[in-house]
Amino acid sequence: RRFNMAASAWQLYNEAKKYIGNGTITLGAGVFKMVLAKASSNASTFTISVYSELTNEIAAAGGYVAGGRNLVPATAQWVTGASAKQMKFTMSAVGLAFTASGGSLVDIKYAVLRNSTGAGAGKLLCFCQLSSANFTVASPNTLTVLPAATGIFTLT
């Protein structure tokens, strides 16, 4: 079973803007991971900036690994937007699938993208509220997070 919900737009963390500007985060290079966080997480707090500050990631169970999964491609990608003057930062159109295997993925509300510099390290880029309330993906169902047609964000 697939879960289809209206997610919010991706929102950049305050410090991520600085990290992009000064080259600390290089979009389209390195490894970017998607982390799933609980309703009780601070994921929507714009002032957090590093992965270690993120609270209440979902449990590493049911096939979910702490620290999240690599985007596809792992570096994410820059592609031309609606016009030649527009570039969008995005991931593959197939999105990223989280399959509950042998257990449920419990109390999900947010997806967070981070620039991974190690298992428990990296800068936070942006977050998206996947649903207005927390939800559970029971085994063997799959949650697929698809990018919007406009990408994660767009530069014009």
Side-chain angles (χ1 to χ4, degrees), residues 2-38 41-46 48-82 86-101 105-131 135 137 140-156:
R2 287 185 161 241
F3 289 84
N4 295 311
M5 354 183 157
S8 71
W10 290 98
Q11 298 181 66
L12 288 171
Y13 288 104
N14 294 348
E15 291 291 306
K17 297 169 191 174
K18 178 178 83 175
Y19 295 145
I20 293 167
N22 70 17
T24 301
I25 294 177
T26 304
L27 299 172
V31 174
F32 287 85
K33 292 184 178 266
M34 184 180 295
V35 176
L36 299 178
K38 297 180 178 186
S41 174
N42 65 347
S44 63
T45 304
F46 287 95
I48 61 174
S49 63
V50 294
Y51 174 62
S52 62
E53 293 175 331
L54 181 67
T55 62
N56 296 315
E57 180 176 354
I58 69 166
Y64 182 79
V65 177
R69 294 201 47 224
N70 289 2
L71 293 185
V72 179
T75 59
Q77 59 190 353
W78 283 105
V79 296
T80 303
Q86 188 182 79
M87 293 298 292
K88 59 184 178 180
F89 181 71
T90 193
M91 61 179 147
S92 167
V94 300
L96 191 58
F98 295 90
T99 301
S101 175
L105 306 178
V106 180
D107 197 22
I108 303 166
K109 186 170 182 181
Y110 300 100
V112 176
L113 297 184
R114 70 183 183 98
N115 181 222
S116 177
T117 57
K123 306 291 187 197
L124 299 178
L125 179 61
C126 56
F127 72 92
C128 172
Q129 182 175 300
L130 298 174
S131 176
F135 62 94
V137 179
N141 295 307
T142 299
L143 166 68
T144 303
V145 181
L146 296 170
T150 54
I152 296 166
F153 61 84
T154 304
L155 296 178
T156 55

Visitor: Can you name the closest pair of heavy atoms from Leu105 and Ala100 and give their distance?
Guide: CG-CB, 3.9 Å
Visitor: I need the Leu143 CG to Ser131 OG distance, nearest 0.5 Å.
Guide: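 It is 10.5 Å, given to the nearest 0.5 Å.
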Visitor: Side chains of Asn56 and Asp107: closer than 4.5 Å at any heavy-atom pair?
Guide: no
Visitor: Under the salt bridge (charged side-chain N to carboxylate O under 4.0 Å, His left out) definition, can you give me all pairs with a residue in residues 48-74, not counting sequence neighbours?
Guide: none
Visitor: Return each pair, listed once, that meets ring-ring contact (aromatic ring centres under 6.0 Å, His included) where at least one residue sits in residues 110-130; pairs must be two or more places apart or across chains.
Guide: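 Pairs touching residues 110-130 that pass the test: Tyr13-Phe127, Phe46-Phe127.
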Visitor: Can you list every side-chain hydrogen bond (donor to acceptor under 3.5 Å, both in side chains) pair that touches residues 112-122, not counting sequence neighbours?
Guide: none
Visitor: Do Met87 and Thr80 have side chains that approach each other closer than 4.5 Å (heavy atoms only, starting at C-beta)?
Guide: yes
Visitor: Taking all non-hydrogen atoms of both residues, which atom of Val112 and which atom of Ala43 are closest, and how far apart?
Guide: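 For Val112 and Ala43, the tightest heavy-atom pair comes out as CG2-CB, 3.7 Å.
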Visitor: Can you name the side-chain contact (heavy atoms from CB on, under 4.5 Å) partners of Thr154, sequence neighbours left out?
Guide: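 Counting only residues at least two positions away or on another chain, Thr154 forms a side-chain contact (heavy atoms from CB on, under 4.5 Å) with Gln86, Lys88, Thr150, Thr156.
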Visitor: To check you understand the geometry: which heavy-atom pair defines the closest contact between Ala97 and Thr144, and what is its length?
Guide: CB-OG1, 3.8 Å
Visitor: Please name all residues satisfying salt bridge (Lys or Arg N to Asp or Glu O under 4.0 Å) with Lys17, sequence neighbours left out, ordered by chain then number.
Guide: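 Scan of Lys17 (salt bridge (Lys or Arg N to Asp or Glu O under 4.0 Å), adjacent residues dropped) gives none.
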Visitor: Do any N or O atoms from the side chain of Ser8 and from the backbone of Gln129 form a donor-acceptor pair under 3.5 angstrom?
Guide: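 Checked: pair present.
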Visitor: Could you pull out all donor-acceptor pairs under 3.5 Å where a side-chain atom in residues 24-33 meets a protein atom, sequence neighbours excluded?
Guide:
unit_1	atom_1	unit_2	atom_2	d
Thr24	OG1	Asn22	OD1	2.6
Lys33	NZ	Asn70	OD1	3.0

Visitor: Say whether, by atom type as modelled, one donor and one acceptor occur between the side chain of Tyr64 and the main chain of Leu36 under 3.5 angstrom.
Guide: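 Side chain of Tyr64 to backbone of Leu36, a donor-acceptor pair under 3.5 Å: yes, one is there.
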Visitor: Could you report the tightest heavy-atom contact between Pro147 and Gly95, atom names first, then the distance?
Guide: CD-CA, 3.9 Å
Visitor: Provide the closest heavy-atom pair for Ser49 versus Tyr19 in the form atom of the first, atom of the second, distance.
Guide: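 Shortest heavy-atom contact: OG-OH, 3.7 Å.
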Visitor: Can you list every side-chain hydrogen bond (donor to acceptor under 3.5 Å, both in side chains) pair that touches residues 90-99, not counting sequence neighbours?
Guide: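 Matches after skipping sequence neighbours: Thr99-Thr142.
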Visitor: Can you name the ring-ring contact (aromatic ring centres under 6.0 Å, His included) partners of Phe153, sequence neighbours left out?
Guide: Phe89
Visitor: Kindly compute the distance separating CG (Leu124) from CG (Asn14), expressed to the nearest 0.5 Å.
Guide: 11.5 Å
Visitor: Could I get the full list of side-chain contact (heavy atoms from CB on, under 4.5 Å) partners for Met34, not counting sequence neighbours?
Guide: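 For Met34 the side-chain contact (heavy atoms from CB on, under 4.5 Å) partners, ignoring immediate neighbours, are Trp10, Leu71, Met91, Leu96, Phe98, Ala111, Leu113, Val145.
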Visitor: Report the residues that fulfil side-chain hydrogen bond (donor to acceptor under 3.5 Å, both in side chains) with Asn42, sequence neighbours left out, ordered by chain and then residue number.
Guide: Thr55
